[in-house]
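Inspection log for the structure reproduced underneath, given as structure tokens.
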Amino acid sequence: SDRHAYITDLFLQAARNSPGAEMDADVQVGLGVLFNMSEEYEKAIDCFKSALGSRPQDYLLWNKLGATLANSRDAASAINAYFNALEINPAYVRARYNVAISCINLGQQQEAAEHLLTALALQQANSNGVSTMIDDQGNTVNVPGGMSDNIWGTLRVLMLNMNRADLAKQCDQHNINGFRAEFDF
């Protein structure tokens, strides 16, 4: 759209005003998001990598890079980026979920299930009766109805694809303990 092109041009001007060592990581992140939206994944990846050069401990940025790599159909590299996010913040459920989706895309169903179950276990451990997640801006938010229905739904479909209708029923009941004998998490 015209608005997208206009905003992208403003960010490009800002990037040109602070090149090299003066590079503004926030401008690079903004450009990365804009390029990702317009499906210019290689440009987005370059922007996120540039920003990571000055913010290597930013787990949200590592997750953005992973998501962009996944969008560009490079699931293996996406997993590496997600693992960098998880090294910095092991409780970041979104990155754990994203690893699982990339594993599914690579046909690694067992690993995907273990990551989904780990994400659910993290939410359960942090919940005290109320499930929380860290959103993409780093804010802790309450998840209505307990553990994430999205993760349970993905796990349910995965169990059906693995011909495990018995475990799909455990998903319907949100019974994480029903998986402990079958998976490491």
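All residue numbers refer to positions in the sequence shown, counting from 1. These figures come from a predicted structure and were not determined experimentally.
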What's the verdict on side chain to side chain contact (heavy atoms under 4.5 Å, CB included) for D172 and W152, showing C-alpha distance, side-chain angles and the deciding distance?
-> CA-CA 8 Å; D172 294 337; W152 279 114; over 6 Å; no
Before giving the answer on side chain to side chain contact (heavy atoms under 4.5 Å, CB included), spell out for I79 and L106 the whole-Å C-alpha distance, their side-chain angles and the decisive distance to 0.1 Å.
-> CA-CA 10 Å; I79 288 172; L106 291 172; 3.7 Å; yes
Going through the checks in order, is the side chain to side chain contact (heavy atoms under 4.5 Å, CB included) test met by R156 and K169?
-> CA-CA 8 Å; R156 183 181 190 286; K169 287 180 183 163; over 6 Å; no
Show your reasoning for whether side chain to side chain contact (heavy atoms under 4.5 Å, CB included) applies to F183 and Q110.
-> CA-CA 8 Å; F183 295 95; Q110 182 81 17; 3.3 Å; yes
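By the 4.5 Å heavy-atom criterion applied to side chains, H4 and Y6 are not counted as neighbours. When side chains are defined from C-beta on, S72 counts as touching I45, because their heavy atoms get closer than 4.5 Å. The shortest distance between side-chain heavy atoms of Q170 and M159 does not fall below 4.5 Å. Taking the side chain as every heavy atom from C-beta outward, R96 and L116 never approach each other to under 4.5 Å. Taking the side chain as every heavy atom from C-beta outward, L12 and R16 approach each other to under 4.5 Å.
Here the CG atom belonging to L160 is positioned 9.5 Å from the CG atom belonging to L155, to the nearest 0.5 angstrom. One finds the CZ atom of R3 at 12.5 Å from the OG1 atom of T8 (value rounded to the nearest 0.5 Å). In this structure, CG in L61 is found 12.0 Å from NZ in K49, a value given to the nearest 0.5 Å. Atom CG of residue L117 and atom CZ of residue R180 lie 8.5 Å apart, to the nearest 0.5 angstrom. To the nearest 0.5 Å, the span separating SG on C171 from CZ on F179 amounts to 3.5 Å. For the atom pair CD of E111 and OG1 of T118, the computed distance is 12.0 Å after rounding to the nearest 0.5 Å.
When ring centroids are compared, F83 and H115 come within the 6.0 Å threshold.
Checking side-chain atoms of S77 against main-chain N and O of D74 turns up no donor-acceptor pair under 3.5 Å. With hydrogens and angles disregarded, a donor-acceptor distance shorter than 3.5 Å links the side chain of Y82 to the backbone of A67. With hydrogens and angles disregarded, no donor-acceptor distance shorter than 3.5 Å links the side chain of Q28 to the backbone of M23. Of the possible donor and acceptor atoms, one in the side chain of W62 sits under 3.5 Å from a partner among the backbone N and O of P56. Using a distance-only test at 3.5 Å, with no hydrogens or angles considered, no donor-acceptor pair links the side chain of S102 to the main chain of V99.
Between the side chains of Q13 and N17, no donor N or O sits under 3.5 Å from an acceptor N or O. Under 3.5 Å, the side chains of Y97 and T154 contain a donor-acceptor pair of N or O atoms.
L122 and L158 fall within the same hydrophobic cluster, where Ile, Leu, Val, Met, Phe, Trp and Tyr residues are linked whenever their side-chain heavy atoms come under 4.5 Å apart, directly or through other members. I104 is connected to L120 through a chain of hydrophobic side-chain contacts under 4.5 Å among Ile, Leu, Val, Met, Phe, Trp and Tyr, so both are in one cluster. F35 is not connected to L65 by any chain of hydrophobic side-chain contacts under 4.5 Å among Ile, Leu, Val, Met, Phe, Trp and Tyr, and they are in different clusters. M162 and F185 fall within the same hydrophobic cluster, where Ile, Leu, Val, Met, Phe, Trp and Tyr residues are linked whenever their side-chain heavy atoms come under 4.5 Å apart, directly or through other members. Clustering ILVMFWY residues whenever any of their side-chain heavy atoms sit less than 4.5 angstrom apart, transitively, puts F48 in a cluster other than the one holding I7.
Of all the heavy atoms in A25 and S54, the pair that sits closest is CB-OG, 3.4 Å. Residue A95 comes nearest to N63 through the heavy atom pair CA-OD1, 3.5 Å, listed as atom of the first residue, atom of the second, then distance. Pairing each heavy atom of D26 with each of F11, the nearest pair is O-CE2, 4.5 Å. A44 approaches T68 most closely through the heavy-atom pair CB-CG2, 3.7 Å.
Ring geometry for Y59 versus Y92: interplanar angle over 60°, hence perpendicular rather than tilted (30 to 60°).
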